[in-house]
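For reference, the structure discussed in these notes is given below.
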Protein chains: 2
Amino acid sequence: MAIHEDVTVLSIGGLSKRTGVNLETVRYYENIGIMPKPPRSAAGHRRYDEEHLKRLTFVKRSRELGFTLKEVRALLALVDGGDYSCGEVHELTLNHLHEVRQKIADLQRLEATLADISDQCADGTIPDCPFIETLFRA
Amino acid sequence: MAIHEDVTVLSIGGLSKRTGVNLETVRYYENIGIMPKPPRSAAGHRRYDEEHLKRLTFVKRSRELGFTLKEVRALLALVDGGDYSCGEVHELTLNHLHEVRQKIADLQRLEATLADISDQCADGTIPDCPFIETLFRA
DNA sequence: CCTACATCCTGTAGTTACTACAGGCACAAG
DNA sequence: CTTGTGCCTGTAGTAACTACAGGATGTAGG
């Protein structure tokens, strides 16, 4: 391997390392059309450039923010179109934010229930565990 | 259909309605061994009783509390064994509670980031959406 | 008793977002 | 020249269901 890999020409492994996206996932993104098919070397190896790097970073960040791949596609479509307004992006984000808040609320209710019941059987010696009893009730 | 279906003998549809568990899911649970194979009628239709009803309710409640099927299996194993102590159940529950709290924390960080960036592009007229810009940065 | 129509049967494939091989070619260092 | 690493394709596995396809059965009304 060259000591200084050209930043503008990356192998799939290089791209994977730079973005932190699993190598197999990069190929997966290509298969499902999230990432474009890159040019190939003579031997058929994928060659990526700055644009690919930017795009994959975008995808990774979006995923980290909890956007589904479908939502990522929508965001990319806006970006690819070039004529996106901040408003469109804002709407997608608000929708997502709403879902996230919903999930948080659900989990918090769940947490309360679990903590509650769990307290009741903190003492490991009780024979008829109240938690189990609760689970049997609708 | 009989007007008063015998409570102690349920068809798969009846069990599904009583528990709120999707009919296909009931069969799925049987396939993967979460629910036992029930006796069949002459024509091969599944016949369920009170025990099945209790068990499926247990599974449903557990799933609603966010336990994975693997965890549900563990809980059922304790119950089936009969000699479970409250302590064992408590441990499983605490582990799960820990995961739930972790998820909540993750989502809250995510929520903050989303809300933050989304505020920046509340005005739909800005051309270079700061959110999109953020996504392009690692 | 016959005809609808709901319900049941099995088995397979689709969903989300990856991850993990299997089996094989390519290339560079020592 | 061998060894090791990286890359290739294509398929199968993961969680927890859901959705058919294609066919048999059960039941209620006329």
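Keep in mind that what you see is a predicted model, and the values were worked out from it rather than measured.
At least one side-chain heavy atom of P36(B) sits less than 4.5 Å from a side-chain heavy atom of R55(B). Using a 4.5 Å cut-off on side-chain heavy atoms (C-beta onward), L97(B) and L94(B) make contact.
For I12(A), the side chain to side chain contact (heavy atoms under 4.5 Å, CB included) partners two or more places apart in sequence, or in a different chain, are L23(A), V26(A), R27(A), R46(A), Y48(A). Scanning for side chain to side chain contact (heavy atoms under 4.5 Å, CB included) contacts around Y29(B) gives V21(B), T25(B), I32(B), I34(B), M35(B), L56(B), V59(B), R63(B), L69(B), with sequence neighbours left out. In this view, A42(A) satisfies the side chain to side chain contact (heavy atoms under 4.5 Å, CB included) rule with no residue, not counting sequence neighbours. For F58(B), the ring pair (Phe, Tyr, Trp, His ring centres under 6.0 Å) partners are F136(A), not counting sequence neighbours.
A straight line from CG of L23(B) to P of dC9(C) spans 7 Å, rounded to a whole angstrom. We find that NZ of K60(B) is positioned 14 Å from C1' of dC17(D), with the value rounded to whole Å. Distance CD (E30(B)) to P (dC9(C)): 8 Å, rounded to an integer number of Å. Following rounding to the nearest Å, L15(B) (CG) and dC8(C) (P) show an atom-to-atom distance of 10 Å. Distance, Y48(B) OH to dT7(C) P: 16 Å, rounded to whole Å. dC7(D) atom C1' lies 15 Å from atom CG of L10(A), rounded to whole Å.
Between dT9(D) and R46(A), a contact under 4.0 Å exists linking OP1 or OP2 to a side-chain N or O.
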Does the protein touch nucleotides 11-26 of chain C at the base, only the backbone, or not at all? Give it as B, S and - per nucleotide, heavy atoms under 4.0 Å.
------BBSBB----S
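Counting non-hydrogen atoms under 4.0 angstrom, I12(B) reaches the backbone sugars and phosphates but no base.
Taking 4.0 Å as the cut-off between side-chain N and carboxylate O, D106(B) and R109(B) count as a salt-bridged pair.
The closest donor-acceptor contact from the side chain of D49(A) to the backbone of H52(A) lies under 3.5 Å. Proximity of a side-chain donor or acceptor of H96(B) to a complementary backbone N or O of E71(B) within less than 3.5 Å is not detected.
With the 3.5 Å cutoff on both pairing distances, Watson-Crick and G-U pairs in DNA chain D assemble into runs of at least 3 at C:1-30 with D:1-30.
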